[in-house]
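I have placed the structure first, in the form of structure tokens, so that the comments after it can refer back to it.
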2 protein chains.
Amino acid sequence: MDTDQVSGRWDATKGACPTRQVLGRIGDTWTMLVISTLESRGTLRSGELKAAIEGITQKMLTQTLRHLERDGVVRRDVVPTVPVTVTYTLTPLGVSLSAAVATMRTWAYTHMDEIVAARNEFDEGH
Amino acid sequence: MDTDQVSGRWDATKGACPTRQVLGRIGDTWTMLVISTLESRGTLRSGELKAAIEGITQKMLTQTLRHLERDGVVRRDVVPTVPVTVTYTLTPLGVSLSAAVATMRTWAYTHMDEIVAARNEFDEGH
DNA sequence: CAGGATCCCATATGATACTG
DNA sequence: CAGTATCATATGGGATCCTG
């Protein structure tokens, strides 16, 4: 089995199927939110992103942005003002990804009612 | 802020925006894999699912299936044979979701190369 | 202001053994 | 075979303080 030798935990970003690596990243709690925010509001500064994404902490925001930057989904620009200004922008790759994410969001909106209904029914019977 | 009072941890399945609830569920490590498997192979028994999804444990499979069943994405059928036979099938809601998931998978396949290239470049410079 | 460094806990998840 | 219960552990993520 493809488990991490040290932790014994299965790493969703590994595995033979390359798709999993990407899906694992997308599955991160904040990734979709950051991408969606940058998609709808364009280039943003770190502070603006933090304010726009309810509940995200500085740590998680930075971490998520680093991942996305590494994957070539987000571009980080530093303007040497005082204090320094840092902005984040979706790359072309990021834009194409945001389209896929939008599909998921749309699906979610469209079917929320059905899901809520199903949950209520399920919770009743059990 | 919308944090869990006890754990202090932010719950991605809560929050005002209903979309997050769904995205949070989709973001689970195994959810997409289970949905994709059921989509491509049709109705399956528990054991078949476990064999098809490399790396999943009995526990995680059951847990994921329960979530999906609750959300009305998967239907669980029990045939009272001895020993009991349990099968899982995507509901119409699940089928529509699998389409959205397929979009993500397609995107992942299409852009894997770019992502890998971006990672290599990023890792070099830093 | 951007973000790095710490400390710390709850939870996610693996492993294993058990029940009907 | 399907599923549950239990134990152990690493990781995710919050809260804070610190620096250029």
Side-chain angles (χ1 to χ4, degrees), chain A residues 1-15 20 24-25 27-31 33-34 43-70 74-89 126, chain B residues 1-15 20 24-25 27-31 33-34 43-70 74-89 126:
Chain A
M1 191 188 298
D2 190 7
T3 48
D4 182 313
Q5 279 197 318
V6 177
S7 69
R9 185 175 200 166
W10 197 81
D11 189 340
T13 65
K14 291 177 184 168
R20 291 198 191 181
R25 172 75 49 243
D28 278 356
T29 309
W30 307 106
T31 298
L33 292 170
V34 169
T43 299
L44 289 178
R45 300 185 55 179
S46 173
E48 295 172 319
L49 268 171
K50 184 151 183 293
I53 302 174
E54 185 195 3
I56 198 169
T57 59
Q58 177 86 47
K59 182 182 177 179
M60 286 301 97
L61 176 60
T62 300
Q63 198 176 96
T64 303
L65 286 170
R66 283 291 165 285
H67 284 320
L68 294 177
E69 187 191 354
R70 189 169 100 98
V74 159
R75 182 163 44 81
R76 179 175 185 270
D77 294 305
V78 180
V79 183
T81 51
V82 178
V84 74
T85 302
V86 182
T87 62
Y88 295 93
T89 311
H126 308 72
Chain B
M1 194 188 296
D2 190 5
T3 49
D4 182 314
Q5 279 197 319
V6 177
S7 69
R9 184 174 203 167
W10 197 79
D11 188 340
T13 64
K14 292 178 183 166
R20 290 197 191 182
R25 171 74 51 240
D28 279 356
T29 308
W30 307 105
T31 298
L33 293 171
V34 169
T43 298
L44 289 178
R45 299 186 55 178
S46 173
E48 295 173 320
L49 268 171
K50 183 153 183 291
I53 302 174
E54 184 193 4
I56 198 168
T57 58
Q58 176 88 46
K59 182 180 177 180
M60 285 301 96
L61 176 60
T62 301
Q63 196 176 96
T64 303
L65 286 169
R66 283 290 167 285
H67 285 320
L68 294 177
E69 188 191 355
R70 188 169 100 99
V74 160
R75 182 163 44 81
R76 179 176 185 269
D77 293 305
V78 180
V79 182
T81 50
V82 179
V84 74
T85 302
V86 182
T87 62
Y88 293 93
T89 311
H126 307 72

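Labels below follow one simple rule: chain letters A, B, ... track the order of the sequence lines, proteins then strands, and each chain is numbered from 1.
Closest to the A:T62 side chain, of the nucleotides D:dG14, C:dG4, D:dG3, is C:dG4. Closest approach to the A:K59 side chain among C:dT6, C:dG14, D:dG3 is made by C:dT6 (side chain taken as heavy atoms from C-beta onward). Ranking D:dA2, C:dA2, C:dG14 by closeness to the B:T57 side chain, first place goes to C:dG14. When distances are taken from the side chain of A:W30 to each of C:dC1, D:dT4, D:dG14, the shortest belongs to D:dG14.
A:R75 pairs by the side chain to side chain donor-acceptor pair (under 3.5 Å) definition with A:D77, not counting sequence neighbours.
Heavy-atom minimum distance, B:W30 versus B:E54: CZ3-O, 4.1 Å.
Residue pairs meeting the side chain to side chain donor-acceptor pair (under 3.5 Å) criterion with at least one member in residues 59-70 of chain A, sequence neighbours excluded: A:R70-B:D123.
In terms of phosphate contacts, A:R76 brings no side-chain nitrogen or oxygen within less than 4.0 Å of OP1 or OP2 of C:dA2. Remark: A:R45 is not in phosphate contact with C:dC1, judged by side-chain N or O atoms under 4.0 Å from OP1 or OP2. The side chain of B:T85 contributes no N or O atom lying less than 4.0 Å from OP1 or OP2 of D:dA2.
Here the P atom of nucleotide C:dC1 and the NZ atom of A:K50 are 11 Å apart, to the nearest Å. Atom C1' of nucleotide C:dA12 and atom CE of B:M60 are separated by 7 Å, given to the nearest angstrom.
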A:V79 and A:T87: CA distance, side-chain angles, deciding distance, side-chain contact (heavy atoms from CB on, under 4.5 Å) verdict: CA-CA 8 Å; A:V79 183; A:T87 62; 5.6 Å; no

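The overall bend of the helix from C:dC1-D:dG20 to C:dG20-D:dC1, read as the angle between its terminal helix axes built from five base pairs each, is 40° when rounded to 10 degrees.
With the nearest nucleotide of DNA chain D identified for both A:P83 and A:Q58, A:Q58 has the one nearer the 5' end.
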